[in-house]
Amino acid sequence: MLNTPEQDPRYSEAVHYHQSGNAKAAMPLYEKLYQRWPYHPHLLASYGTCKMQLGDITGGLPLLEQALHYDSSMAFAKTNRASALSSLGRYSEALEAYDGLPASADILANRAALLAHMKRYEEALETYQQALELDSTVARYHHDYGSVLALQERHEEALASFNEALRLNPRYAEAYTNQGRMLHQLKRSEEAVISYNAALAIDACNIYAYTGLCSELMELKRYEEARTVIEEALAQDANKTFYLYQAVILYHLFDYRGALDATGHALALEKDAADAWAHRGYVLMAMRRHSEARACYDKALAINPEGNDENWANALLTLSSGDFMSGWPLYEWRWHREEGKHYVESWPKAPKWLGDWSIQGKTLLVLCEQGMGDTLQFCRFIPHLISLGAKVKLVVQKPLVNLLRSLHPEVEVMTNEGGIGGFDFFTPLLSLPMALKITLNTIPCRPYLMPPQDMIQHWRDELGVAQRPRIGLAWSGNPNPKSDHKRTIPLAQLAPLLSEDADFYVLQRDLRKEDDLTAYPNLHHLPEALNGFDHTAALAMNMDSVITIDTSITHLVGALGLPTWVLLPYHACFRWLADRDDSPWYPSLRLFRQPAPGAWEPVVARVVAELG
């Protein structure tokens, strides 16, 4: 007769399977043994541990607690109970359980992970350090320590920890993935690509490595490579996330139909996915199918009313339709998005004014945001604030300071590098249309900037007497925005325009390595005129007209009231509204839109025809 489970051959067989990592084979043996010996502490603990390893935490925990009731000295049962409590989200009980265990390196590391789950990051870091003092050779400890540092946005320190984890274990896929994440945060994109590729070489099913790699390749504008990567990812696992990445990549490659199909595949997998509806709406908006886009955003917001991306996309569609009264409040969702968070963190500790109370006799600090084109466009509202009785301090980007002093004799224009002095309230610059309740019919649209007359005269003298029309030209802008490839025209594609009988003058500051100005004798580059927007404005004032893409130069010459033709991509920024060839922001502008995504040739041909 068998008196203990140890005498039953099935017990040694179960233990053998269990210790060799085959919990699935051990489980039926443990179940039968448990029916015979339901009160044996070691069997209970092993059976409970096996259940946990097979994912049944809820079923495993009571068995571990029964085991400890009969024998409270079993260390592995105590450890696994603490782990089970943590997995079930019973963090306070789990912490108490870990505190009752001997302080080995592994126990300390598990305790630190629990503290991190509880968002007690400083205690977690301290506990990881204690674990590393006991054993610094375990890659996982360094990795998990780095993960907590990453949560605190201590990116350099986190990167060092991931590097150390990889030195100890060069085949640690998760560490390569997180190394890539930190390199992304540190804007070291080329290195991040290497890290993500290393992760995928080890683990070809690593979803975070695939999405990280695609994001980094898009950051580098290597869209064809990103397309290849996401196709490989979808071959591994055709999930919703990968389809939405594919939609974004194809959007950037101007394959809007393919992007729309990708969102359809995502919705076929999860029909109530708010992010998939929002992505689909954005693609439809890019295709100028605005009513369908609106229906998609309505569905997205019905599912997730507080979604940042969903509300942001809805804001852009609403503004592009000209519904400013609804659109400007929605535009405040920019502060909830990743790109807006660093602005919020830098805001002063003062009340934010959004038009809710009088500013008569008060000092209002207006803070620039986003790019210099945005500052040039929205600074037009400063005189309105002064007319309301406010003293206005305007913080702008350094190259704009001198020119924007021409806005109003009473405005104080400065950068944030020096002392700002006292003020009562502050307002982000692009929140002014909402605060002032601006509609399409109330946009201040008279010219509102002017460079000094002596600068204008300087460039008039430098240029001499005109022998033929003078046209200011800008074909590219800041290369950093993700949408730059949409708006930029390769200089070579402007060859038909530059063959016209006119003198063209470069108005953009940045040139690209592929820009061969020497190929066009009538294209003049005057670097001295591009060292500040006041100088560029003075040169522009000596032009007969301007031809530009959608860049800060557009807003500069629009604010000056110069006759300007703006060449726009098929899917243009919301500020140019939908399907218009004029602009309520700048009466002197005329808009030339692409007839199809990426198609600049017909735009240039039309401009040449109209010049002739």
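In this chain, residues are counted from 1 in sequence order.
Between the side chain of Arg280 and the backbone N or O of Leu260, at least one donor-acceptor pair lies under 3.5 Å. For Asn311 (side chain) and Pro305 (main-chain N/O), a donor-acceptor pair under 3.5 Å exists by modelled atom type. Remark: side-chain polar atoms of Asp424 are paired, donor with acceptor, to backbone N or O of Thr363 under 3.5 angstrom. A donor-acceptor pair under 3.5 Å is formed between the side chain of Lys393 and the backbone N or O of Gly422. Judged by distance alone, with hydrogens and angles left aside, the side-chain atoms of Arg288 form a donor-acceptor pair with the main-chain N or O of Tyr570 at under 3.5 Å. At distances below 3.5 Å, at least one donor-acceptor pair connects side-chain atoms of Asn308 with backbone N or O atoms of His336. Looking at Asp374, its side chain does come within 3.5 Å of a backbone N or O of Gly371 through a donor-acceptor pair. Between the side chain of Trp333 and the main chain of Arg337, no donor-acceptor pair closer than 3.5 Å is present. Remark: the backbone N or O of His384 is paired with a side-chain donor or acceptor of Ser387 at under 3.5 angstrom. A donor-acceptor pair under 3.5 Å is formed between the side chain of Thr318 and the backbone N or O of Asn314.
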Residues His571, Met285; criterion side-chain contact (heavy atoms from CB on, under 4.5 Å); working and verdict: CA-CA 8 Å; His571 177 210; Met285 185 166 66; 4.1 Å; yes
side-chain hydrogen bond (donor to acceptor under 3.5 Å, both in side chains) between Glu122 and Gln152, worked out: CA-CA 9 Å; Glu122 290 300 333; Gln152 294 190 307; 3.0 Å; yes
Derivation of the ring pair (Phe, Tyr, Trp, His ring centres under 6.0 Å) call for Phe574 and Tyr331: CA-CA 11 Å; Phe574 76 87; Tyr331 196 65; 5.5 Å; yes
side-chain contact (heavy atoms from CB on, under 4.5 Å) assessment of Leu432 paired with Leu385: CA-CA 9 Å; Leu432 288 179; Leu385 298 174; 3.9 Å; yes
Check against side-chain contact (heavy atoms from CB on, under 4.5 Å), His279 and Tyr243: CA-CA 10 Å; His279 276 68; Tyr243 276 122; over 6 Å; no
Worked check of side-chain contact (heavy atoms from CB on, under 4.5 Å) between Asn163 and Gln179: CA-CA 7 Å; Asn163 290 346; Gln179 182 188 59; 2.7 Å; yes
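Glu412 contributes atom CD, which lies 9.5 Å from atom CG of Leu365 (distance to the nearest 0.5 angstrom). Taking CD1 of Ile420 as the reference point, atom CE of Met414 lies at 6.5 Å (rounded to 0.5 Å). Here the CG-OG distance, from Leu166 to Ser161, works out to 11.0 Å after rounding to the nearest 0.5 Å. Going from atom OG of Ser86 over to atom CG of Leu95 covers 9.5 Å, rounded to the nearest 0.5 Å. The structure places CZ of Arg188 at 10.5 Å from CD1 of Ile194, a figure rounded to the nearest 0.5 Å. Separating the OG1 atom in Thr536 from the CG atom in Leu556 is a distance of 6.5 Å, to the nearest 0.5 Å.
The shortest non-hydrogen separation linking Cys368 to Leu429 is CA-CB, 4.1 Å. The two residues Cys214 and Ile230 come nearest to each other via the heavy atoms SG-CD1, 3.8 Å. The minimum heavy-atom distance between His290 and Ala578, with the atom names listed, is CE1-CB, 3.5 Å. Minimum interatomic distance between Arg222 and Val193 (heavy atoms only, all atoms of both residues): NH2-CG1, 4.4 Å. Shortest non-hydrogen contact noted between Met287 and Tyr256 is CG-CB, 3.5 Å. Across all their heavy atoms, Glu219 and Ser189 have their closest contact at CG-OG, 3.9 Å.
In Lys398, the NZ atom is not crowded: 12 or fewer heavy atoms of neighbouring residues, nucleotides or ligands sit closer than 6.0 Å. The local environment of CZ in Arg509 is sparse, with at most 12 non-hydrogen atoms from other residues, nucleotides or ligands closer than 6.0 Å. Remark: Tyr91 OH is packed, more than 12 non-hydrogen atoms of other residues, nucleotides or ligands lying under 6.0 Å away. In the displayed structure, Lys240 atom NZ is contacted under 6.0 Å by more than 12 heavy atoms of other residues, nucleotides or ligands.
Taking 4.5 Å as the limit, every side-chain heavy atom of Val366 sits out of range of all side-chain heavy atoms of Phe381. In this structure the side chain of Ser215 never reaches within 4.5 angstrom of the side chain of His184, judged on heavy atoms. Put simply, the side chain of Gln185 does not reach to within 4.5 Å of the side chain of Glu153, judged on heavy atoms. Under the 4.5 Å side-chain criterion, counting only non-hydrogen atoms from C-beta, Asp237 is not in contact with Tyr210. For the pair Thr488/Arg512, a side-chain contact is recorded, criterion being any heavy-atom separation below 4.5 Å from C-beta on. At least one side-chain heavy atom of Leu250 sits less than 4.5 Å from a side-chain heavy atom of Arg227. Residues Leu404 and Leu376 have side chains in contact (heavy-atom distance under 4.5 Å, counting atoms from C-beta outward). No side-chain heavy atom of Leu168 sits under 4.5 Å from any side-chain heavy atom of Val138.
Side-chain N/O atoms of Gln377 and Tyr586 include no donor and acceptor closer than 3.5 Å. With hydrogens and angles left out, the side-chain atoms of Gln370 and Glu339 include no donor and acceptor closer than 3.5 Å. In summary, the side chains of Gln397 and Thr375 do present a donor paired with an acceptor at a separation below 3.5 Å, with no hydrogens or angles considered.
Below 30°, between 30° and 60°, or above 60°: for Tyr145 and Tyr128 the angle between ring planes is above 60°, a perpendicular geometry. By the 30° and 60° cut-offs, the orientation of the rings of Tyr343 relative to Trp335 is perpendicular.
Salt bridge annotation for Glu332-Arg334: present, with a cationic side-chain nitrogen under 4.0 angstrom from a carboxylate oxygen. The residues Arg575 and Asp550 are annotated as not salt-bridged, no charged nitrogen and carboxylate oxygen being separated by less than 4.0 angstrom.
Taking the six-membered ring for Trp and the full ring otherwise, the centers of Tyr448 and His408 sit at least 6.0 Å from each other. The six-membered or imidazole ring of Tyr282 lies near that of Tyr251, with a centre-to-centre distance under 6.0 Å. The distance between the ring centers of Phe254 and His485 falls below 6.0 angstrom. His142 has its ring centre no less than 6.0 Å from the ring centre of Phe162.
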